[in-house]
Protein chains: 2
Amino acid sequence: MVRIKDIAKEAGVSPTTVSNVIHGNTKKVSKANIDKIQRILEKNQYIPSMSALMLAENRSRLIGVLIGEREGKRRSIASDPFTSVILNSLELEIYRQNYYMLFHLANSQEESWKLAATWKVEGLITLGLSSEENLELSEKCQIPLVSIDNYYGEKKVANIGLQDFEGGYAMGKFLAEQGHKNILFLADNDVGVDHERWLGVQKAVEEHGAEGAAAGRRIMPENRELRKAWLEDSLEDLKSRDVLFFASDFYALEAIHFLQDKGVDIPGDVSVAGFDDSPYAEICRPEITTVRQNIMKKGQEAVKRLICLIQEEEFKGQERLPVEVVVRDSVKQKPL
Amino acid sequence: MVRIKDIAKEAGVSPTTVSNVIHGNTKKVSKANIDKIQRILEKNQYIPSMSALMLAENRSRLIGVLIGEREGKRRSIASDPFTSVILNSLELEIYRQNYYMLFHLANSQEESWKLAATWKVEGLITLGLSSEENLELSEKCQIPLVSIDNYYGEKKVANIGLQDFEGGYAMGKFLAEQGHKNILFLADNDVGVDHERWLGVQKAVEEHGAEGAAAGRRIMPENRELRKAWLEDSLEDLKSRDVLFFASDFYALEAIHFLQDKGVDIPGDVSVAGFDDSPYAEICRPEITTVRQNIMKKGQEAVKRLICLIQEEEFKGQERLPVEVVVRDSVKQKPL
DNA sequence: ATGAAAGCGCTAACAA
DNA sequence: TTGTTAGCGCTTTCAT
């Protein structure tokens with residue numbers, strides 16, 4: 001590996017001068033030397049050593065991307081097709097901003113902190129951590145942190161998410177306008193994101209629902225096996241609804257198959273809607289009517305937000321990305 | 001950030017002694033000092049600085065994970081649900097082995113090399129690079145490299161893959177034994193992995209096929225739109241087969257929906273088989289009969305292989321992971 | 001059993 | 001315009 005010292009020797013100048021040329025501080029370097037040094041740099045394929053840079057500048061150009069793994073959660077990296085897309089967009093933007101991505105599956109706050117400290121990571125992006133975990137981590141690490149898809153009452157941690165309320169509202173409005181009265185919203189929890197979506201649905205039904213329209217809600221188990229049992233138990237309830245609006249396409253898909261196996265026609269007997277517009281939504285029959293989010297954009301904004309935090313600049317982007325209803329085949333129009 | 005120097009001062013010893021205690025070189029340190037230093041280390045939550053370590057030891061404990069992005073490829077990180085699983089298993093094992101994972105979407109060999117050099121990455125794991133790209137990269141970087149799912153005639157680069165031939169053979173045998181005679185194998189290329197699978201199918205049909213059984217093959221376009229058109233054009237051909245064996249579950253799923261939309265009953269009119277046992281295989285109707293691979297294991301073995309290369313030890317694991325036929329509903333038994 | 005000192009590659013303050 | 005030097009935090013060799 002060729003070092004600045006080597007270049008300097010070959011050029012017959014001091015390391016400082018070479019360093020200056022590398023960093024474009026060419027005001028105090030003679031034209032002749034600039035050219036000569038640049039040529040030698042090129043020729044020898046000089047690559048700066050991050051270790052030395054880190055030590056000297058006390059910064060790493062590293063951004064840590066942490067994914068929390070919780071057993072049985074929907075947002076498990078293994079089962080969620082979103083994860084790879086998010087990771088993709090994250091790395092793309094991180095690299096574009098001249099940073100590097102250190103990736104880790106976070107098992108504990110302690111571990112995450114150690115990683116960040118060991119590498120002097122300049123900022124953290126987290127996925128799949130709970131609000132409390134994010135807060136604790138942020139306080140412990142004392143470096144900028146941006147979470148994705150997390151909600152806080154008091155908003156202590158920077159977050160990039162969706163216009164979930166608006167998404168719930170838009171779909172609720174669409175369903176109401178399609179003539180559905182008995183709407184059931186299904187999620188696996190009632191905090192943050194899913195809570196917002198539910199509020200949106202309620203508001204939409206209030207404002208746009210026909211005479212007698214009402215929105216109900218059910219919380220399903222997170223665990224797959226338990227959820228399966230839950231669906232069995234809830235069959236009659238589900239069949240009695242006009243439309244089932246699931247908080248994710250994955251759940252919608254699961255339910256569609258469950259119901260179809262029970263002889264229920266979708267959307268003939270019951271309509272189904274999802275949320276996310278994941279690959280699952282299009283790769284099933286009927287194709288799922290859902291709420292689309294732009295995941296690439298989400299990752300991009302998260303990185304931009306973080307960089308602003310790191311450089312102590314103001315973030316002018318969107319913290320809540322817009323969503324839109326995508327009409328496919330799983331919701332049918334009710335005759336009036 | 002507390003440094004060794006600080007610990008030393010507090011303990012009233014030299015940095016060297018502290019360093020020795022940290023690394024367990026306690027042969028020449030008094031019991032009293034060991035305890036005292038260890039306590040102070042604990043109390044102050046000492047974390048070694050990677051930058052200093054890298055500089056002093058000339059190694060980084062970093063493993064670069066490179067994903068090649070090629071437009072329109074099946075193995076695009078964005079669309080392939082496998083990617084997140086592989087990434088998951090990779091990081092798990094890398095961390096378990098006391099390394100760290102630097103993640104990058106590789107746009108060019110030049111870029112990959114720069115990344116590796118800048119960070120003094122100790123080894124590289126690549127996904128979705130062609131044989132040539134892997135070879136060139138490996139030569140340019142001069143560090144251990146393990147590719148995933150790549151085949152080479154002369155085997156110049158370490159690779160972790162599947163027993164693809166055996167997989168094709170096992171499914172071919174299964175199909176033949178189910179009474180299918182007119183078997184069509186479909187892939188989007190005829191090199192490496194898919195070529196092996198095809199060879200396996202042929203062998204199986206030869207050995208286990210009934211009188212008059214034969215296996216044919218078609219190469220589909222990689223591009224989604226083109227493939228759609230191709231399916232349209234091939235409809236009659238596809239309908240005339242006993243069974244369609246696709247080189248991936250994704251393709252199988254796509255074709256199932258295409259055929260169902262055309263009124264073809266799966267598996268009533270035509271049976272369909274896939275390969276991978278991806279999430280797609282189970283989340284569709286009929287559920288797809290496929291060849292299962294253990295992706296978590298694949299990532300794990302890739303890391304183990306790389307670590308062996310780095311430490312110049314012999315690798316005693318499996319370079320070709322076993323596969324098994326998973327029988328579901330998309331293949332029916334033919335009456336004799 | 002313990003410590004001093006050099007060196008890893010680079011930056012930046014200061015001299016010349 | 002160019003060069004000298006100290007220092008970033010750690011390891012390691014060599015004295016003591």
Side-chain angles (χ1 to χ4, degrees), chain A residues 1-38 40-41 44-62 98 100 114-122, chain B residues 1-38 40-41 44-62 98 100 114-122:
Chain A
M1 211 74 286
V2 51
R3 302 153 304 167
I4 283 194
K5 202 200 278 189
D6 304 320
I7 304 288
K9 195 188 286 178
E10 187 171 339
V13 299
S14 79
T16 307
T17 305
V18 176
S19 174
N20 277 131
V21 170
I22 289 173
H23 293 87
N25 302 328
T26 50
K27 294 170 198 165
K28 332 177 138 188
V29 184
S30 68
K31 187 82 176 66
N33 268 345
I34 295 179
D35 292 347
K36 192 206 285 184
I37 292 171
Q38 226 124 35
I40 301 181
L41 246 19
N44 296 44
Q45 303 215 73
Y46 170 78
I47 299 273
S49 152
M50 273 316 271
S51 43
L53 256 166
M54 279 167 83
L55 202 52
E57 292 190 320
N58 195 33
R59 54 175 302 212
S60 64
R61 298 212 150 275
L62 238 25
N98 274 308
Y100 299 90
K114 261 192 183 161
L115 185 92
T118 304
W119 285 97
K120 272 197 236 311
V121 154
E122 295 189 38
Chain B
M1 209 75 289
V2 51
R3 302 153 303 170
I4 283 193
K5 202 200 280 188
D6 304 320
I7 304 287
K9 195 187 286 177
E10 186 170 340
V13 298
S14 78
T16 309
T17 305
V18 176
S19 173
N20 278 130
V21 170
I22 289 172
H23 293 86
N25 302 329
T26 51
K27 294 171 198 165
K28 333 177 141 188
V29 185
S30 69
K31 186 82 179 66
N33 269 346
I34 294 179
D35 292 346
K36 191 205 287 182
I37 292 171
Q38 225 124 34
I40 302 180
L41 244 19
N44 295 42
Q45 304 214 75
Y46 171 77
I47 299 274
S49 152
M50 272 317 271
S51 43
L53 256 166
M54 279 168 83
L55 200 52
E57 291 189 321
N58 195 34
R59 53 174 303 211
S60 65
R61 297 211 151 277
L62 236 27
N98 275 306
Y100 300 89
K114 262 192 183 160
L115 184 91
T118 304
W119 285 98
K120 271 196 236 312
V121 153
E122 295 189 37

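Quick caveat, the model's predicted, so the values are computed rather than measured. Quick note on labels: first sequence line is chain A, next is B, and so on, each numbered from 1.
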Which atom pair, heavy atoms only, marks the closest approach of [X] to [Y]?
X: Trp119(A); Y: Ser60(A); answer: O-CB, 3.4 Å
X: Asn44(B); Y: Val2(B); answer: O-CG1, 3.3 Å
X: Ser14(A); Y: Ala8(A); answer: C-CB, 3.7 Å

Could you state the atom-to-atom distance from [atom1] of [X] to [atom2] of [N] in whole Å?
X: Asn20(A); N: dC10(C); atom1: CG; atom2: C1'; value: 12 Å
X: Ile4(B); N: dA4(C); atom1: CD1; atom2: C1'; value: 15 Å
X: Asn25(B); N: dT13(D); atom1: CG; atom2: C1'; value: 13 Å
X: Ile7(B); N: dG9(D); atom1: CD1; atom2: P; value: 13 Å
X: Met1(A); N: dC8(C); atom1: CE; atom2: P; value: 16 Å
X: Lys36(B); N: dA1(C); atom1: NZ; atom2: C1'; value: 14 Å
X: Met50(B); N: dC10(D); atom1: CE; atom2: P; value: 12 Å
X: Lys5(A); N: dT4(D); atom1: NZ; atom2: C1'; value: 14 Å

Return whichever of Thr16(A) or Ala56(A) has its heavy-atom-nearest nucleotide of DNA chain D closer to the 5' end. Thr16(A)
For the pair Lys9(B) and Asp6(B), find out whether any cationic side-chain nitrogen is under 4.0 Å from an anionic carboxylate oxygen. no
Think [X] has a side-chain N or O under 4.0 angstrom from the OP1 or OP2 of [N]?
X: Asn33(B); N: dT2(C); value: yes
X: Ser49(B); N: dC10(D); value: no
X: Thr17(B); N: dT2(C); value: no
X: Tyr46(A); N: dG9(C); value: no

Which part of the nucleic acid does Ser30(A) contact within heavy-atom distance under 4.0 Å: base, sugar-phosphate only, or nothing?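 Sugar-phosphate, backbone atoms only, no base.
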Which part of the nucleic acid, if any, lies within reach of Lys27(A) when heavy atoms closer than 4.0 Å are counted: base, sugar-phosphate only, or nothing?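 It contacts sugar-phosphate atoms only.
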What is the distance from atom CD1 of Ile22(B) to atom CD of Gln38(B), rounded to the nearest 0.5 Å? 9.5 Å
Looking only at side-chain atoms of Ala52(A), point me to the closest of dT11(C), dG9(C), dG9(D). dG9(C)
5' priority, DNA chain C, between Val13(B) and Leu55(B) [closest heavy atom]: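 Checking each residue's closest nucleotide, the 5'-ward one belongs to Val13(B).
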